[in-house]
A.B. asks: 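Once you've had a glance at the structure underneath, I'll fire off some questions.
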Amino acid sequence: MALAYTFGGGMAMEAPGRALYDSFPAIRDWFAQVAEWTGVSPDRILTEDFTAAFHSGDVSAHPDLRFVAEARQAAYSIGIADVLADRGIRPDIIGGSSLGFQIGATIAGAIDRREFFEYLRHATSSPLHPEGEPPQGIAVCVVPHDEGVEGFIGGRAGVDLACEIGQFIDGRNGMYMFSGYVDALRELAAEKPAGLVNVVTVLGGGHSPLQQFRHDWIAPHVAGMTFTDPAVPLVSGLSDRKLTTAGEVRADLLANSITTTRMAHVIRGLEREGTQLALVLGVSSGAGMFVFPFQVFPVVAPADFEAVGSAVYEAGIPLGAR
């Protein structure tokens, strides 16, 4: 039986508040270190809400919005993992999609923590689209299973499947992210019932062949980063293979911007490794929304730390043997 840590993609737009920060000295010390590396104060991470800017369409908010939101998600997830480690709870395997994979690789020691935040700063400073080309964006969509992704897109040019986020527990729908030209995404939204397709322009695109320019922007920086073999195996959303070497982690980090990422890959990879319980770490979690073939336990609030030991015990995972 295995204990997994799992991380979804995306970033933390809502202000998470001070509860974790005030409860755990380890998290306060860690946020101070993140602030030293990034120049982003703990107060911004804790209290600044980006929800309105995210939906405004004002691209001038990028790249600061994206960097702080991604740094917030990463800082919280890593800080939670540190508090769990202090309590003797460590994963047998880690899985994540998109930013979640990058966070997981950092927790596993495959990416140096400081280098990871430097990478986020560089990656989020990329242009939103190549000069002279149409603007790109993303659309978060609820897709009925009986329609399917291909049927939902309808062969539309300029729109790619970027991310399979999860399958809802209702058994009838899945959540997906599409990436492409803004005009094409808006045309798709106009054809669907209201609220089914939500187009976001402030972040540009992602996980799409149209993002080759961003891949090329990131590649020289990644070439200068230090990677080591992860201390525990990793599963990436780019495939359900198990990553055990520094070279494999580097390759997936580099391919992330131009390749569709799927939580289904993560789930299959974790299931294959015998995952009995997955702890979902971070300030945003879909653990209660989506289907998992194993138990999931979100760790997002101080009270969760009091219950997580019991969850691990009840799953039959012996901490002493780890």
Side-chain angles (χ1 to χ4, degrees), residues 1-10 12 16-34 42 45-46 70-97 99-114 116-117 228 230-236 243 249 266-267 269-271 273-288 292 294-322:
M1 294 184 212
L3 175 67
Y5 285 178
T6 185
F7 306 90
R18 301 183 60 92
L20 285 175
Y21 183 85
D22 290 341
S23 297
F24 300 108
I27 289 183
R28 292 196 292 275
D29 292 345
W30 164 235
F31 274 32
Q33 179 65 82
V34 171
I45 292 177
L46 296 166
E70 290 190 0
R72 169 189 289 167
Q73 184 80 332
Y76 258 101
S77 297
I78 294 170
I80 290 169
D82 285 349
V83 174
L84 290 173
D86 288 345
R87 297 179 174 217
I89 298 174
R90 296 178 176 85
D92 298 299
I93 188 165
I94 297 174
S97 176
L99 178 62
F101 164 70
Q102 299 165 25
I103 293 169
T106 303
I107 290 171
I111 304 174
D112 174 81
R113 292 187 176 193
R114 180 169 187 165
F116 176 50
F117 284 93
T228 58
V232 297
L234 297 167
V235 179
S236 156
L243 309 183
V249 175
V266 176
I267 290 170
L270 297 182
E271 187 178 27
E273 295 301 310
T275 295
Q276 181 73 14
L277 172 67
L279 303 184
V280 186
L281 278 56
V283 293
S284 65
S285 165
F292 291 86
F294 37 72
Q295 298 177 63
V296 293
F297 186 91
V299 185
V300 295
D304 297 330
F305 288 89
E306 301 306 316
V308 68
S310 295
V312 173
Y313 175 80
E314 290 170 6
I317 300 171
L319 293 180
R322 311 177 72 74

A.B. asks: Please identify each residue that fulfils side chain to side chain contact (heavy atoms under 4.5 Å, CB included) with Ala32, with sequence neighbours left out.
C.D. replies: none

A.B. asks: Describe, in one word, how the ring planes of Phe31 and Tyr76 are oriented to each other, choosing from parallel (under 30°), tilted (30 to 60°) and perpendicular (over 60°).
C.D. replies: perpendicular

A.B. asks: How close do Ala12 and Arg72 get, heavy atom to heavy atom, and via which atoms?
C.D. replies: O-NH1, 3.0 Å

A.B. asks: Search all heavy atoms of Met1 against all heavy atoms of Asp92 and return the closest pair with its distance.
C.D. replies: O-OD2, 4.1 Å

A.B. asks: Report yes if some heavy atom in the side chain of Val232 is under 4.5 Å from a heavy atom in the side chain of Ile93; otherwise report no.
C.D. replies: no

A.B. asks: Once rounded to the nearest 0.5 Å, what's the spacing between atom CZ of Phe294 and atom OG1 of Thr275?
C.D. replies: 5.5 Å

A.B. asks: Could you tell me whether the side chain of Gln73 reaches within less than 4.5 Å of the side chain of Ile103, counting heavy atoms only?
C.D. replies: yes

A.B. asks: Run through Val300, Val299, Ile107, Leu279 and flag the one making a side chain to side chain contact (heavy atoms under 4.5 Å, CB included) with Ile80.
C.D. replies: Val299

A.B. asks: With the side chain counted from C-beta on, respond yes when Asp86 and Phe24 share a heavy-atom pair under 4.5 Å apart, and no when they do not.
C.D. replies: no

A.B. asks: Between atom OG1 of Thr6 and atom CZ of Phe292, what is the distance when rounded to the nearest 0.5 Å?
C.D. replies: 6.0 Å

A.B. asks: Side chains of Leu243 and Phe101: does their closest heavy-atom pair fall under 4.5 Å?
C.D. replies: yes

A.B. asks: So which atom in Ala75 and which in Val34 form the shortest heavy-atom distance, rounded to 0.1 Å?
C.D. replies: CB-CG2, 4.2 Å

A.B. asks: Sub-3.5 Å donor-acceptor pair from the side chain of Thr228 to the main-chain atoms of Gly109, do we have one?
C.D. replies: yes

A.B. asks: Which label fits Tyr5 and Phe7: parallel for a plane angle under 30°, tilted from 30 to 60°, or perpendicular past 60°?
C.D. replies: perpendicular

A.B. asks: Side chain to side chain donor-acceptor pair (under 3.5 Å) with Glu271: which residues, sequence neighbours excluded?
C.D. replies: none

A.B. asks: Give me the atom names and distance for the closest heavy-atom approach of Pro302 to Leu20.
C.D. replies: N-CD2, 3.7 Å

A.B. asks: For Asp22 and Arg28, which heavy atoms make the closest approach, and how far apart are they?
C.D. replies: O-NH1, 2.9 Å

A.B. asks: Could you state the interatomic distance from CD1 (Ile78) to CZ (Phe117), rounded to the nearest 0.5 Å?
C.D. replies: 4.5 Å

A.B. asks: Side chains of Val312 and Leu277, heavy atoms from C-beta outward: is any pair under 4.5 Å?
C.D. replies: yes

A.B. asks: Would you mind reporting whether Glu273 and Pro233 have side-chain heavy atoms less than 4.5 Å apart?
C.D. replies: no

A.B. asks: Can you confirm whether Leu3 sits close enough to Ile89 that some side-chain heavy atom of one is under 4.5 Å from a side-chain heavy atom of the other?
C.D. replies: yes

A.B. asks: Of the non-hydrogen atoms in Leu234 and Gly104, which two are nearest, and what is the gap between them?
C.D. replies: CD2-O, 3.7 Å

A.B. asks: Give, for atom CD1 of Ile317 and atom CD of Gln295, the distance between the pair rounded to the nearest 0.5 Å.
C.D. replies: 8.0 Å

A.B. asks: Between Asp29 and Ala26 (side chain of the first, backbone of the second, donor and acceptor by atom type, cut-off under 3.5 Å), is there such a pair?
C.D. replies: no

A.B. asks: Do Arg113 and Trp30 touch side chain to side chain, with heavy atoms closer than 4.5 Å?
C.D. replies: yes

